[in-house]
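Hydrogens, waters and symmetry mates play no part in the numbers below; they use all other heavy atoms, side chains included.
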Amino acid sequence: MITVTLGTDKTPVTFEKIKTVLQLLNKLNFRVNDALVIRDGELLTPDRAVRRGDHLIVRPVVSRG
């Protein structure tokens with residue numbers, strides 16, 4: 001089970017059967033460049049594997065012009 005904290009929301013969400021960051025982003029309806037995925041202070045690329053017991057932070061990217 002993967003635990004995910006979205007943005008500044010403190011309520012974690014859990015997912016099963018997620019194997020990569022890309023699958024997680026798809027499940028959350030984000031495109032690849034729409035959010036940063038962080039595990040233990042490290043930014044993860046879409047091809048990185050996620051493991052059972054991981055706690056990830058997903059931060060939406062906001063562009064201001």
According to a 4.5 Å side-chain heavy-atom criterion applied to Ile, Leu, Val, Met, Phe, Trp and Tyr, with indirect links allowed, do [X] and [Y] form part of one hydrophobic cluster?
| X | Y | value |
| --- | --- | --- |
| Val61 | Phe30 | no |
| Leu43 | Ile57 | yes |
| Val58 | Leu22 | no |

**Request:** Let me know which of Val50, Thr45, Asn26 forms a side chain to side chain contact (heavy atoms under 4.5 Å, CB included) with Val21.
**Result:**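 Checked Val50, Thr45, Asn26 against Val21; only one passes side chain to side chain contact (heavy atoms under 4.5 Å, CB included): Val50.
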**Item:** Passing option when Pro46 is tested against Asn33, Val32, Thr20, Val37 for side chain to side chain contact (heavy atoms under 4.5 Å, CB included)
**Value:**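 The residue from Asn33, Val32, Thr20, Val37 that satisfies side chain to side chain contact (heavy atoms under 4.5 Å, CB included) with Pro46 turns out to be Val32.
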Once you round to the nearest 0.5 Å, how far does [atom1] of [X] lie from [atom2] of [Y]?
| X | Y | atom1 | atom2 | answer |
| --- | --- | --- | --- | --- |
| Asp40 | Asp54 | CG | CG | 7.5 Å |
| Lys19 | Arg51 | NZ | CZ | 14.5 Å |
| Lys27 | Ile2 | NZ | CD1 | 12.5 Å |
| Arg59 | Thr5 | CZ | OG1 | 9.0 Å |
| Leu25 | Leu44 | CG | CG | 10.0 Å |
| His55 | Ile38 | NE2 | CD1 | 10.0 Å |

**Request:** Could you pull out the closest heavy-atom pair between Gly7 and Pro60, with the gap in Å?
**Result:**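 Closest approach of Gly7 to Pro60, heavy atoms only: CA-CD, 4.0 Å.
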**Request:** Write down the atom of Arg39, the atom of Arg48, and the distance for their closest heavy-atom approach.
**Result:**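 Taking every non-hydrogen atom into account, NH2-NH2, 3.3 Å.
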